[in-house]
Structures are given as structure tokens and as C-alpha cells.
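The block underneath contains the structure these notes are about, expressed in C-alpha cells.
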Amino acid sequence: MSSQKPSIPKGTRDFAPAEMVRRNFIFDVVRKSFQVFGYQPIETPAMENLSTLMGKYGDEGDKLLFKILNSGNYLDGLPDKESGLRDADSRIQHLTKHIAEKGLRYDLTVPFARFVVQHQHELVFPFKRYQIQPVWRADRPQKGRYREFFQCDVDVIGSNSLLNEVELGQIIDTVFTGLGINVLIRLNNRKVLAGIAEAIGAPDKLTDITVAMDKLDKIGLDKVTDELVERGISYESIEKLQPILTLEGKIKEKFETLEALFIHSETGRKGLEELQVVMRHLKDLELRNKFDFDLTLARGLSYYTGTIIEVKALDAAMGSICGGGRYDDLTGIFGLPGMSGVGISFGADRIYDVMNELNLFPETLQAATRVLIVNFGTEEEKYCLKLLAGLRQAGIPSEIYPDQAKIKKQMEYANRKNIPFVILAGKDEIERGELALKDMRSGEQKTCTPGEAIKLLSW
RNA sequence: GUGGUCGUAGCUCAGUUGGUUAGAGCGAUAGAUUGUGGAUCUAUAGGUCGUGGGUUCAAGCCCCAUCUUCCACCCCA
């Protein structure tokens, strides 16, 4: 029989037990933080109707969607005219909607918007939800970038209050403090960016300007200028933009400069005011992590309209590990206008990579089983199974070696699984109603009763 | 989607200008030790050299394609 070489799709990964323990540590910290701030869990399907996803993430996003081929004979439904074009590359896009009607979710925000609209009559607003699930993107994998990865989203929808933004800042601080990662929380506001575009006389070029500005710390002022030219921004506008890009100094000074710039931009002033409110509160709350106003922070997703947030680890070279913002009308496209929301997403896989690199996982995460009962044979089984049941009832993670293997082999098993204790109950011990409890770290062994063993093994 | 890069035993890696039967360490298995793991010693097993073509008397090594890994761009968690 010929066997095939096992493999998994590009950009996906298996998680071994040692990794899962660590991943679960992250999810636990995140989940507990979300819950303590009063958010409720939801889940949505891995796949959505393609019509729900298409057009929500820009042209780039559409390309990165994983599409699911219709089941059955998916070529059946094709209009006659097109049936001859099955292989024609130029028509693939056109064909797609006939042969694929579903796609894997690209993020958790758009499915959430769909969820809110669909369940609007059952929900209590403002609705605070969290959602921890995988998402898929047909991107080229590289460092910190996978085709399947987990996002941990918290959003509150149906409230305009800036207190929600403040709360998200607190959640970020709580989560990363809990994980032991030092981070910088960067804040900006889309209205400020719109104000800048207005003030330099290029209000219609907002997206182009923000995409270019976003790269400032990465490629430098000169190349950003080049890119602005390429994107069709006039020299006059670029000249006006230069001093804003290089704006440094204290937050207060940045605000003052921008205020002056925004004399004729109501949008810009509104954005500044929002930022100010949020930042003042965050300052008063004395977070453990630093936050800063960064007007080069743009973020690609087109649906943001107010506050934008991005979090980076301070001690590791990794893209953003958390990001989000406010979107005034995400549900409008699904038929529920005027519903403002704000939310953030933690990238669990990147957080894992950062914590791994910085050795931030607690040592104590490893051992799962606390005690192994050695299997001596059929005669001892009855006694051992009862013993095992007793241990488990007392909440002590325990197992019996299932096969009647050599003691040496069973001890090795315990050793390799990092099980700290082993119980040996052979003929002699059973006769006396006792057992031998061995500490695998020190090598010490003592004889005691089952009751005593449970006491010793309890934390 | 564009450009580059990596792939040899379970793992980490050697492998000369193309030249006999592809090696090491670790790990695995068995034994030294029939109720005791980690240390030591001995022995054993384990390879379509990512895959498919091509060049050559001869390919792990050269060429082409493809898959995968990692990296940069685009974009992003």
C-alpha cells in the first residue's frame, strides 16, 4: 500500500500539547479580562456568505478572502454563455459568484455587524460582546503572519460614548499586564486625519494620505513624500503636510499645533476634542502601560471613522499585536443605519510569538498530570482503579498506565511527561491497604495510606 | 500578487571541483538491571537526499518546474 506524505496547507499550523497549554494561557487571560469588564461571548460560523464579506475590506481584502467552492456539481448553475469559459483566467472573477457562494471569515468585526443586524431584536443595547475565534486570510505567510490565526475581539455597539474608548484602553492595559508584555498603546482619530487632509487642501485624498503617513516611521520622510507624489497629491499640499509629519514633542504641543491648523476644519477640531477626552481619562486612570498620541497611525481598514488604536510590544520586533477603532456605520450596509460601535482585536498568534521570544510564559504551565499510578497487572487493577477514582474525586489530575509494561518503561513515561509523582501499589502494599508514593524530582519514596496520599498530593 | 530564500534520519546539522555502499550528535528501541525514571555502557533500527522532469558514463551537489519554510514589498493580527 502506498502511503501519502502528510502535510497541511501553507500558512496553517498544528499545535502540540506544550503549545496548547501556552495558547490557552493567553486565551484565559484575555477571556477573563473581557468578562470582568462586562462583555458577553458570542460565536459565528467559520464561513459566511460571500456577499457578506465582499467589498468590506477594500480591493486588497477581497483578494485575500478564501472562497469555498459550491458543493455538488458547481459548474451546473453557470449561465450557458459562460459554460465555455471555465478555464479563461480573464473571467474567473465573473465566474466566482456562480461557483462560490461562501467564504471563510476574514475578521470578526464584519460577521459581528451581520450578527447584530440579524439579532437586533434579541439584543440589549449598548451591546458588549467578545469573540475568540480563528480567521483566515489568503496572504503570503511570513513572520507573525499566518493564513489561519485567532483573533480575540471586544466590541461595544450602540453607544457613541467615549467612555467605551477609555474602557478599551483599560482592557488593553489589563490584558497585557496579565500576560507580562510591555506595550505602547498608540492612539489617533480618523477625524484628525480628515482634518489634516482638509487643511492641506486635499480632502478627497484622505485614504492616500493616511496610507502614506502610516509608513513614516518605517521608510522615512523622503520616501513618504515620494509616495505622496505617486498617489497624486499636489506639491502644494505636500508642502503643507511636511511640518505636520515631523511634528514632535509633548502631546500638549501637538494638540496646540493641530488646533491652529484646524481653524477652518470642524472635523479636525472634533477629532482633537475626542482624542483629548479619551487621553485625559486614560491619564487619570494611571495605566501600567504607556500610551501616546501618534498622528501617523492610520490603519488600513476603511470602516473606521473616529478613534483608532494600535498596540505594539516594546521589547520585541513584531507588527501590531492589537488594534481597532470606532466605526460609525458598520451595520448600515446590512440595513441597520446609525449604529455606532467601537472595538479592538487582539492577535493571539502574534502575542504567542512575542511571549515565546521573550520567555514570558510561566514555568508552572507545563505539568498537567500530577500523579501516575503504575500498572502492575490484572490482580492489582481493582485496587488501583479505586485509588485512581479517589484521586480524581479529590480533584488531583491523575492517570494509570494502561498497559502492563515494565516498571522501567512506566517510570520513563512519567518522567518524559513531567509527571511529578508516581504511585506504586503492588501486592505487598495492597495487602496492607497502603501505597508507595514516589516524588520524581527528589527521588524520595514513602509508604502511606490512600487518604494520606490525597492530602499530600493536594495543593 | 511581485522579488528573494530554505529543504539530507524523529530533531539539529555535516556531506570536498559531480565520483564506490550518504554520515555525526541528540532522540528512539532492546539489553546490562524480572518492583523503580534521570547517569553510564553495549547493540539495533531508522534515508524515495521535499516532489517531478532534465543534463551526464556518473547527481545530495548542475539546470528547469512545482510544493514547503523563512524574508522583503503590498497589505495586515
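In what follows, chains are A, B, ... by sequence order, proteins preceding strands, each numbered from 1. The figures that follow rest on heavy atoms only: side chains count, while hydrogens, waters and symmetry mates do not.
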Using the ring centroid of each side chain, check whether Tyr130(A) and Phe112(A) are separated by less than 6.0 Å.
no

Less than 3.5 Å between a donor and an acceptor, one on the side chain of Gln445(A) and one on the base of U36(B), is that the case here?
yes

Ignoring hydrogens and angles, answer whether the base of C75(B) and the side-chain atoms of Arg145(A) contain a donor-acceptor pair closer than 3.5 Å.
yes

Any donor-acceptor N/O pair under 3.5 Å between U36(B) base and Lys438(A) side chain
yes

Classify Arg416(A) by what it touches in the nucleic acid, base, sugar-phosphate, or nothing, heavy-atom distance under 4.0 Å.
sugar-phosphate

If pairing means Watson-Crick or G-U wobble with both distances under 3.5 Å, then the partner of A72(B) is U2(B)

Please report, rounded to the nearest Å, how far the P atom of C70(B) is from the CD atom of Gln142(A).
10 Å

Re U55(B): Watson-Crick or G-U wobble partner, both distances kept under 3.5 Å, found to be none

Starting from the 5' end of RNA chain B, give me the residue, Ala138(A) or Glu310(A), whose nearest nucleotide shows up first.
Ala138(A)

Across the strands shown, which category fits Lys63(A) at heavy-atom distances under 4.0 angstrom: base, sugar-phosphate, nothing?
nothing

Categorize Glu429(A) for me: base, sugar-phosphate, or nothing, with a 4.0 angstrom heavy-atom threshold over every strand shown.
base

Answer yes or no: is there an ion pair linking Arg23(A) with Asp349(A), defined by an N-O contact shorter than 4.0 Å?
yes

May I ask you to say what Cys322(A) touches in the nucleic acid, namely base, sugar-phosphate or nothing, with a heavy-atom cut-off under 4.0 Å?
sugar-phosphate

Which nucleotide, A77(B), A30(B), G35(B), lies nearest any side-chain atom of Tyr146(A)?
A77(B)

When rounded to whole Å, the CD to P distance for the pair Glu412(A) and G35(B) reads 16 Å

Side-chain contact test, heavy atoms from C-beta onward, threshold under 4.5 Å: evaluate it for Ile171(A) versus Phe34(A) and give yes or no.
yes

What I'd like to find out is whether the side chain of Ser234(A) reaches to under 4.5 Å of the side chain of Lys205(A), using heavy atoms alone.
no

Rounded distance (Å) that lies between atom P of C75(B) and atom NZ of Lys218(A):
9 Å

Rounded off to whole Å, could you give me the CD1-to-P distance for the Ile373(A) and U36(B) pair?
19 Å

Under 4.0 Å, counting only non-hydrogen atoms across every strand here, what does Gly426(A) touch: a base, just sugar-phosphate, or nothing?
base

Considering only side-chain heavy atoms of Pro141(A), which listed nucleotide, C70(B), C74(B), C76(B), is closest?
C70(B)

Is Thr449(A) reaching over with its side chain to a backbone N or O of Glu452(A), donor-acceptor style, under 3.5 angstrom?
yes

In whole angstroms, how far is the C1' atom of A72(B) from the CG atom of Asp139(A)?
13 Å

G1(B) base / Glu60(A) side chain donor-acceptor hit below 3.5 Å:
no

When the nearest nucleotide of RNA chain B is assigned to Glu444(A) and to Ile8(A) on a heavy-atom basis, which residue is associated with the more 5' position?
Glu444(A)

Assert yes or no for the condition that the ring centre distance of Phe150(A) to Tyr352(A) is strictly below 6.0 Å.
no

Base, sugar-phosphate, or nothing: which does Leu424(A) touch, judged by heavy atoms less than 4.0 Å apart?
base

Roughly, in whole Å, what's the span from CG in Leu64(A) to C1' in C76(B)?
8 Å

Check whether the side chains of Tyr304(A) and Asn188(A) place a donor and an acceptor atom closer than 3.5 Å, and report yes or no.
no

Base, sugar-phosphate, or nothing for Gly11(A), non-hydrogen atoms under 4.0 angstrom?
sugar-phosphate

Classify Gly58(A) by what it touches in the nucleic acid, base, sugar-phosphate, or nothing, heavy-atom distance under 4.0 Å.
nothing

Watson-Crick or G-U wobble partner of G38(B), both distances under 3.5 Å
none

What does Lys312(A) touch in the nucleic acid at a heavy-atom separation under 4.0 angstrom: a base, only the sugar-phosphate, or nothing?
nothing

Side chain of Arg231(A), heavy atoms from C-beta onward: which of C75(B), G31(B), U68(B) has the nearest atom to it?
C75(B)

So what does Ser320(A) touch, heavy atoms closer than 4.0 Å: a base, only the sugar-phosphate, or nothing?
sugar-phosphate

Atom NZ of Lys143(A) and atom P of A72(B): how far apart are they, to the nearest Å?
8 Å

With a 3.5 Å limit on both atom pairs, tell me what A28(B) is paired to, counting Watson-Crick and G-U wobble, or say none.
U44(B)

Within the stacking criterion (centroid distance below 5.5 Å, interplanar angle below 30°), does Phe149(A) stack on A77(B)?
yes

Between the base of U2(B) and the side chain of Arg140(A), is there a donor and acceptor pair under 3.5 angstrom?
yes

Categorize Gly61(A) for me: base, sugar-phosphate, or nothing, with a 4.0 angstrom heavy-atom threshold over every strand shown.
nothing

